[in-house]
2 protein chains.
Amino acid sequence: MDSLLKRINLEIAAIGGKRSRSRAQVIEVFFRTGPHATLEDLTHAVRKRNRSVGYATVYRTMKLLAKLGYAKELDFGDGPKRYESNLESHHDHLVCQECGLVSEFQEPRIESLQEQVAKQHGFLPTMHRLDIYGLCRQCALAGKKEN
Amino acid sequence: MDSLLKRINLEIAAIGGKRSRSRAQVIEVFFRTGPHATLEDLTHAVRKRNRSVGYATVYRTMKLLAKLGYAKELDFGDGPKRYESNLESHHDHLVCQECGLVSEFQEPRIESLQEQVAKQHGFLPTMHRLDIYGLCRQCALAGKKEN
DNA sequence: CTATACTATGATAATGATTTTCAAATTCAC
DNA sequence: GTGAATTTGAAAATCATTATCATAGTATAG
């Protein structure tokens, strides 16, 4: 964690930025918090430690982390954007439309088919997003019982 | 087109709704307009015919079409949501991050892998969204030349 | 250590898009 | 037509995101 923060600070310095306590706190909270947190979630979490951190700082820090490639912005079409660490290997999402649960999966065969499709279209892919919406196991079972 | 409108009106009646001229115009314009139109696009297009149609009516009509399954809401993470007809067979999107071009593709093998993944997770899928972001052929070539 | 020149911050305001409200108009069944 | 309902258009409210600005903090050169 400390070495990660150091690495990020180096990159920030490299693009002409300076360190800051608030930002470091946001970064630490972000990597310690579960995935799919909203800006509001993160702001709340940071403020538990340091009451004086403003929403704008959390916002700017997350934009910065996204720019540097450490965070990914997610948008599942409902409320606000969510953020997740980009340190782990790539994965896609299963989103429950009933309870909001977001789970993750990897499927290399899908990835490679995507590459193929892009190539066929002369398209140079930089990233993709695959979200499957529906009912998670729990909600699917609950739904069945009701009928 | 007329029969489509009739069918939609029947469904609206079935859920206790009434017809309306403005709504019919929105629906017609929507199906005649190219894909990936925003609410603003649609409002403009409708107003060419009928100056008095309000943005709210376009908004409500599109929500209704989405609810009935005739339209799909798209959100590519940039500006406002876009709408496309859901009458054609399912497809996914290639989104150019440079010029904004959105093209479509179908890949049944990806679809079936998605089914498999969902099943493995005990997940009951209702829909999915796969967007590949990157550079379209044109922009990829333009980028190469610059270097 | 201090001065200086910058970046970062927090509060707040501005923006942009979506959604709601409400009185008036329209539709439909009778 | 009449009455009970839905729909409409304009405007306001909401919600999330982004920009602004004066102040505070950080790095660096001397």
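Just so it is clear: chains get the letters A, B, ... in the order the sequence lines come, proteins before strands, and each one is counted from 1. Model, not experiment: these values are computed from the prediction.
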Whole angstrom is fine here: how far is it from [atom1] in [X] over to [atom2] in [N]?
X     : N      : atom1 : atom2 : value
A:L42 : D:dT17 : CG    : P     : 12 Å
B:E73 : C:dA17 : CD    : P     : 15 Å
B:L39 : C:dT20 : CG    : P     : 14 Å
A:L74 : D:dT17 : CG    : C1'   : 16 Å
A:L64 : D:dT18 : CG    : C1'   : 16 Å
A:E40 : D:dT17 : CD    : P     : 10 Å
A:I8  : C:dA8  : CD1   : P     : 14 Å
A:M62 : C:dT9  : CE    : P     : 14 Å

Just to confirm, is there a sub-4.0 Å distance from OP1 or OP2 of C:dT19 to any side-chain nitrogen or oxygen of B:Y59? yes

Given C:dA17, is OP1 or OP2 found less than 4.0 Å from the side-chain N or O atoms of B:K81? no

Could you go over nucleotides 22-24 of chain C and give all protein N or O partners under 3.5 Å, atom names and distances?
none

Using distance only, find each side-chain donor-acceptor pair of residues 127-135 of chain B under 3.5 Å and give its atom names and separation, not counting sequence neighbours.
from: B:H128; atom 1: ND1; to: B:Q114; atom 2: OE1; distance (Å): 2.8
from: B:H128; atom 1: NE2; to: B:H90; atom 2: NE2; distance (Å): 2.9
from: B:H128; atom 1: NE2; to: B:Q114; atom 2: OE1; distance (Å): 3.3
from: B:R129; atom 1: NH2; to: A:D75; atom 2: O; distance (Å): 2.9
from: B:R129; atom 1: NH2; to: A:D131; atom 2: OD2; distance (Å): 2.6
from: B:R129; atom 1: NH2; to: A:Y133; atom 2: OH; distance (Å): 3.1
from: B:D131; atom 1: OD2; to: A:R129; atom 2: NH2; distance (Å): 2.5
from: B:Y133; atom 1: OH; to: A:R129; atom 2: NH2; distance (Å): 3.0

Just jot down the salt bridge (charged side-chain N to carboxylate O under 4.0 Å, His left out) partners of A:R49, sequence neighbours excluded, or say none. A:E28

Residues in contact with DNA chain D, drawn from residues 10-34 of chain B - heavy-atom cutoff 4.0 Å: B:G16, B:G17, B:K18, B:S20, B:S22, B:R23

Who are the ring-ring contact (aromatic ring centres under 6.0 Å, His included) partners of A:F76, not counting sequence neighbours?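 For A:F76, the residues satisfying ring-ring contact (aromatic ring centres under 6.0 Å, His included) (neighbours in sequence not counted) are A:H93.
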
Pick out which of B:V95, B:D41, B:L74, B:L101 makes a side-chain contact (heavy atoms from CB on, under 4.5 Å) with B:H36.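 Among the candidates, only B:L74 passes.
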
Grab the N/O contacts between the protein and nucleotides 11-15 of chain D below 3.5 Å, and write none if there aren't any.
none

Counting N and O atoms only, with roles assigned by atom type, does the side chain of A:T61 sit under 3.5 Å from a partner on the main chain of A:T57, one being a donor and the other an acceptor? yes

